[in-house]
2 protein chains.
Amino acid sequence: MTAPDRRNQILDAAQELIQTRGYSAMSFQDIALKVGIRKPSIVHHFPSKNALGEAVVRRYRETFAAVLAGVDADPDKTVWDALEIYFGPYLDFAGTPDKVCLCGALAGEAMALPVEMRHELALFFEGHERWLEGILRRGADAGLFRLADRPDKMARFLFCALQGALLAKRATGDLQQLTDVMDTIRATLRPGGA
Amino acid sequence: MTAPDRRNQILDAAQELIQTRGYSAMSFQDIALKVGIRKPSIVHHFPSKNALGEAVVRRYRETFAAVLAGVDADPDKTVWDALEIYFGPYLDFAGTPDKVCLCGALAGEAMALPVEMRHELALFFEGHERWLEGILRRGADAGLFRLADRPDKMARFLFCALQGALLAKRATGDLQQLTDVMDTIRATLRPGGA
DNA sequence: GTCTATACAAAGATAGAC
DNA sequence: GTCTATCTTTGTATAGAC
């Protein structure tokens with residue numbers, strides 16, 4: 001809801017570049033070109049590349065968290081609805097030829113990141129797994145999901161599979177890498193299933 | 001089985017650096033330091049960074065493929081044995097504080113890689129999924145595995161979950177990110193399961 | 001096969017004018 | 001808030017001696 005001011009334009013450009021090329025391969029020059037300004041103008045908004053990187057991941061994490069909290073708060077949404085909503089961003093990224101989840105991209109180069117970014121990254125992973133765990137638990141209690149293992153472990157399983165699938169989709173160029181995994185997740189959770 | 005000659009020392013150093021920091025953040029200087037030589041000596045063995053990167057991924061892929069083919073060829077190995085053998089390298093990497101699968105790391109920065117590396121990457125993903133599919137099919141036919149979906153789709157699901165879990169393990173520092181996923185895979189495949 | 005020396009480009013960052 | 005100009009470091013790569 002923030003206005004498309006310069007600061008957010010820079011964050012948008014940086015996020016897209018990380019999602020496509022990764023953090024190490026992203027430069028101020030690339031961002032400046034995308035936004036239509038010069039390199040030093042970026043430094044005015046973010047004192048260093050590390051500070052910019054941290055801001056990008058934090059914004060991404062918080063935006064995502066707000067959406068998931070909204071799903072939790074909506075009594076009209078079933079656990080199956082929640083699952084499909086959660087699939088949404090993955091499908092959106094997979095709709096492009098070159099994007100993956102910001103944090104999926106960053107996870108591959110974690111040791112090259114400043115500690116602040118690593119911290120944000122860990123919070124993202126843990127937050128998503130905890131949210132999924134809640135959905136799975138609710139679904140199992142209501143008899144809408146059949147779980148082969150504890151909700152927390154199933155949540156890890158599904159989350160890791162989705163992140164991996166998005167990376168596999170881009171690496172192979174095959175959209176089914178993602179949609180197949182989503183199908184299988186549905187089949188695995190369906191109570192009447194095999 | 002090749003002798004630890006200079007060429008392989010360079011490949012080893014490059015592979016470890018990619019597994020920890022990623023391709024973009026790896027430099028000839030880092031490799032030279034690890035091997036104990038100077039930068040230009042690397043260029044003598046590999047004419048460019050791209051050529052070195054391609055050689056690293058190809059060697060990794062072929063070495064892995066040979067191991068998996070060996071498992072297939074061994075009549076004493078049950079499908080459950082095969083699965084545990086497949087888990088081995090993931091557990092080895094997760095035993096270090098900073099390593100992930102070479103191709104899991106590269107997948108995050110795919111668009112920053114030369115096309116030859118991207119091609120090798122795709123072959124790696126497809127090869128592993130096809131191998132897993134074979135194991136799952138055999139296991140299902142023998143009544144040793146219970147599959148919630150088609151073998152090819154289940155193979156994708158499990159492979160992506162393992163790659164994602166290794167990335168999650170390093171990002172959070174929590175070894176259970178990987179071991180939980182392996183547990184859940186076993187639980188999901190067990191015929192008597194829930 | 002390895003070295004010193006160097007070329008050349010691009011990176012992150014700073015100073016100071018406007 | 002954005003710019004020009006510049007600094008410093010680091011990157012890949014090349015030339016040529018040993």
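Each chain gets a letter, A, B and so on, in the order its sequence line appears, and its residues count up from 1.
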If the cut-off is 4.0 Å, is [X] near the phosphate of [N], judged by side-chain N/O to OP1 or OP2?
X     : N      : value
B/H44 : D/dA13 : no
B/S27 : D/dG11 : yes
A/R6  : D/dG1  : no

For [X] and [N], what is the distance between atoms [atom1] and [atom2] respectively, to the nearest whole Å?
X     : N      : atom1 : atom2 : result
A/K39 : D/dC7  : NZ    : C1'   : 11 Å
B/I42 : D/dA13 : CD1   : C1'   : 12 Å
A/L52 : C/dA13 : CG    : P     : 10 Å
A/I10 : C/dG12 : CD1   : P     : 14 Å
B/I37 : C/dT2  : CD1   : P     : 6 Å
B/Q29 : C/dA5  : CD    : C1'   : 15 Å
A/R38 : C/dA11 : CZ    : P     : 14 Å
A/F28 : C/dA10 : CZ    : P     : 17 Å

Say whether [X] and [Y], considering side chains only, have a donor N or O and an acceptor N or O under 3.5 Å apart.
X      : Y      : answer
B/Y86  : B/D81  : no
B/R59  : B/Q15  : yes
B/Q163 : A/Q163 : no

Output yes when a side-chain donor or acceptor of [X] lies under 3.5 Å from a complementary backbone atom of [Y], and no otherwise.
X      : Y      : value
B/R61  : B/L123 : no
B/T184 : B/D180 : yes
B/R118 : B/L113 : yes

Checklist entry - Bend angle of the helix from C/dG1-D/dC18 to C/dC18-D/dG1 from five-pair axes at both ends, rounded to 10°? => result 0°
Checklist entry - Would you call the rings of B/H128 and B/F64 parallel, tilted or perpendicular, where under 30° means parallel and over 60° means perpendicular? => result perpendicular
Among the candidates [options], find the nucleotide nearest to the side-chain atoms of [X].
X     : options               : value
B/H45 : D/dC3, C/dG12, C/dG1  : C/dG1
B/S48 : C/dG12, D/dT2, D/dA13 : D/dA13
B/P40 : D/dA15, C/dT2, C/dA13 : D/dA15

